[in-house]
Amino acid sequence: MTDLREWEKERQGPLLIAGPCVLESLDLALEVAEFMRQAAREYGFYYVFKSSFDKANRTSISSFRGPGMEKGLSWLSEVRERVGVPVTTDIHEAWQAEPVSEVVDLIQIPAFLCRQTDLILAAARTGKPLNLKKGQFMAPWDMKYSLEKARAGGAELVFLTERGTTFGYHNLVVDMRSLPIMRTLGAPVIFDATHSVQLPGGGQGASSGQREFAFPLLRAAVACGVDGIFMEVHPQPDRALCDGPNSLPLSDIPHLLAVIRDIYGVLREHGIS
């Protein structure tokens with residue numbers, strides 16, 4: 001099943017969106033996608049591979065941005081076909097929506113751009129499901145208006161993703177109230193565990209992060225009630241070309257998914273969704 005609208009109807013397990021922050025190589029993308037596919041299947045998650053072909057919002061002009069759209073989309077297509085999983089990536093400009101929609105199953109709108117009307121409308125008009133990441137500067141109630149833009153453009157399935165809120169300089173905080181608040185807007189809600197522990201611009205020309213807090217926040221978010229989770233993962237996070245400090249190592253994923261599965265199970269037992 002690669003159509004997210006089918007997942008929305010059947011809800012066969014919570015959604016899991018994960019992958020390296022940026023596409024570094026085809027081999028790495030295939031390695032991560034295959035590992036995550038198997039782990040997701042074992043623990044009852046519906047998996048979507050995520051990685052960016054271009055990180056246009058890197059802190060420094062010298063930071064690695066990715067392979068570019070043409071090569072990046074070819075790699076995402078390879079992952080989709082060879083691993084057999086749906087794929088997603090983010091766009092930064094309205095003109096990118098159409099060519100990206102020909103490859104991916106879900107289009108992501110970055111947090112910094114979640115109010116960009118033309119970008120959201122262009123993505124929505126492709127007919128693909130959208131993932132709107134809540135801006136670090138946004139109140140959860142105000143995502144109502146981004147959601148309205150997406151639906152006005154024709155998007156039938158839209159996810160809202162929490163990824164932390166600006167808390168002073170170089171820091172984010174997660175207000176768990178935002179998760180049930182955004183669910184009242186009538187869209188599935190995703191919790192982004194790894195961007196929520198990012199330290200934006202905290203690494204002298206690059207963002208830093210505190211990956212040790214990702215799992216505790218993830219447990220809390222699932223207990224609050226979310227429809228899925230988002231994580232940046234990498235075989236060797238300390239060598240990742242983007243967002244390494246807040247990415248999780250693949251070796252931690254089986255234990256993490258086992259715990260999260262059990263929390264979802266307890267919620268179901270008590271009729272909490």
Side-chain angles (χ1 to χ4, degrees), residues 4 17 19 21-23 48 50-61 63-70 72-73 76 87-167 172 174-175 178-179 181-192 194-196 198 200-201 207 228 230 232 242-243:
L4 283 158
I17 303 174
C21 174
V22 67
L23 287 163
V48 180
K50 184 271 168 186
S51 199
S52 299
F53 60 80
D54 178 23
K55 297 301 291 185
N57 58 356
R58 294 302 304 273
T59 302
S60 170
I61 189 67
S63 297
F64 178 74
R65 291 180 51 166
M69 190 169 73
E70 182 177 357
L73 289 180
L76 288 169
V87 299
T88 183
T89 196
D90 43 353
I91 61 172
H92 295 83
E93 299 182 61
W95 67 268
Q96 296 174 334
E98 191 60 39
V100 168
S101 73
E102 296 175 2
V103 173
V104 306
D105 304 275
L106 172 69
I107 297 176
Q108 178 177 298
I109 303 298
F112 285 127
L113 302 176
C114 69
R115 291 178 50 161
Q116 294 297 103
T117 303
D118 290 345
L119 182 66
I120 295 172
L121 289 176
R125 287 170 183 149
T126 68
K128 292 290 184 176
L130 304 187
N131 181 20
L132 303 179
K133 303 196 78 174
K134 181 175 76 66
Q136 303 89 324
F137 46 87
M138 292 279 284
W141 300 274
D142 293 339
M143 287 301 290
K144 168 186 176 181
Y145 305 105
S146 294
L147 180 60
E148 287 176 350
K149 292 175 184 180
R151 288 179 172 162
E156 297 179 1
L157 177 58
V158 184
F159 299 92
L160 302 178
T161 294
E162 169 62 54
R163 51 93 73 235
T165 302
T166 299
F167 186 65
L172 299 171
V174 178
D175 181 355
S178 72
L179 302 171
I181 288 169
M182 287 199 294
R183 289 185 103 198
T184 66
L185 302 180
V189 172
I190 309 298
F191 179 65
D192 181 342
T194 51
H195 281 105
S196 292
Q198 190 181 60
S207 292
F230 180 113
E232 291 181 327
C242 180
D243 278 7

Task: Sub-4.5 Å side-chain heavy-atom contact between Ile17 and Phe159 - done: no

Task: Student check: side-chain heavy atoms of Phe112 and Lys133 closer than 4.5 Å - done: no

Open item on the list: Could you check whether any side-chain heavy atom of His195 comes within less than 4.5 Å of a side-chain heavy atom of Phe230, counting everything from C-beta outward?
Closed with: yes

TODO: Run through Asn131, Leu157, Val158 and flag the one making a side-chain contact (heavy atoms from CB on, under 4.5 Å) with Pro188.
DONE: Leu157

Open item on the list: Are the side chains of Cys114 and Met138 in contact, using a 4.5 Å heavy-atom criterion?
Closed with: yes

- [ ] Find the distance between CD (Gln198) and CG (Asp243) and round it off to the nearest 0.5 Å.
- [x] 5.0 Å

- [ ] With the side chain counted from C-beta on, respond yes when Met69 and Leu73 share a heavy-atom pair under 4.5 Å apart, and no when they do not.
- [x] yes

Task: For Ala123 against Ile109, the heavy-atom pair lying closest together - done: CB-CD1, 4.0 Å

Open item on the list: Taking the basic N atoms (NZ, or NE/NH1/NH2) and the acidic carboxylate oxygens, is any pair closer than 4.0 Å for Lys134 and Asp142?
Closed with: no

- [ ] Quick one: pull up NZ in Lys149 and CD in Gln116 and give me the separation to the nearest 0.5 Å.
- [x] 7.5 Å

Task: Separation of Cys21 SG from Glu232 CD (nearest 0.5 Å) - done: 4.0 Å

Task: Heavy-atom closest contact (Ala150 atom, Leu130 atom, distance) - done: CB-CD1, 3.9 Å

- [ ] Answer yes or no: is there a donor N or O on one side and an acceptor on the other, between the side chain of Thr161 and the main chain of Phe191, under 3.5 Å?
- [x] no

TODO: Identify the two heavy atoms, one from Thr88 and one from Leu106, that lie closest to each other, and give their separation to 0.1 Å.
DONE: OG1-O, 2.5 Å

Task: Asp54 (side chain) donor-acceptor with Gly66 (main chain) under 3.5 angstrom - done: no

Task: Pairwise side-chain contact, Leu76 with Leu23, heavy-atom cut-off 4.5 Å (strictly under) - done: yes

- [ ] Look up atom NZ in Lys50 and atom CG in Asp192, then write down how far apart they are to the nearest 0.5 Å.
- [x] 8.5 Å

TODO: Would you indicate whether the side-chain heavy atoms of Lys55 and Asp90 approach each other to under 4.5 Å?
DONE: yes

Open item on the list: Going by side-chain contact (heavy atoms from CB on, under 4.5 Å), Ser146 matches just one of Thr117, Leu132, Leu185. Which one?
Closed with: Leu132

Open item on the list: Can you give me the closest heavy-atom contact between Gln136 and Leu172, atom names plus distance?
Closed with: CG-CD2, 4.1 Å

Task: Check: Asp105 and Val87 side chains under 4.5 Å, non-hydrogen atoms - done: yes

Task: Taking every non-hydrogen atom, the tightest pair across Val22 and Arg65 - done: CG2-O, 3.3 Å

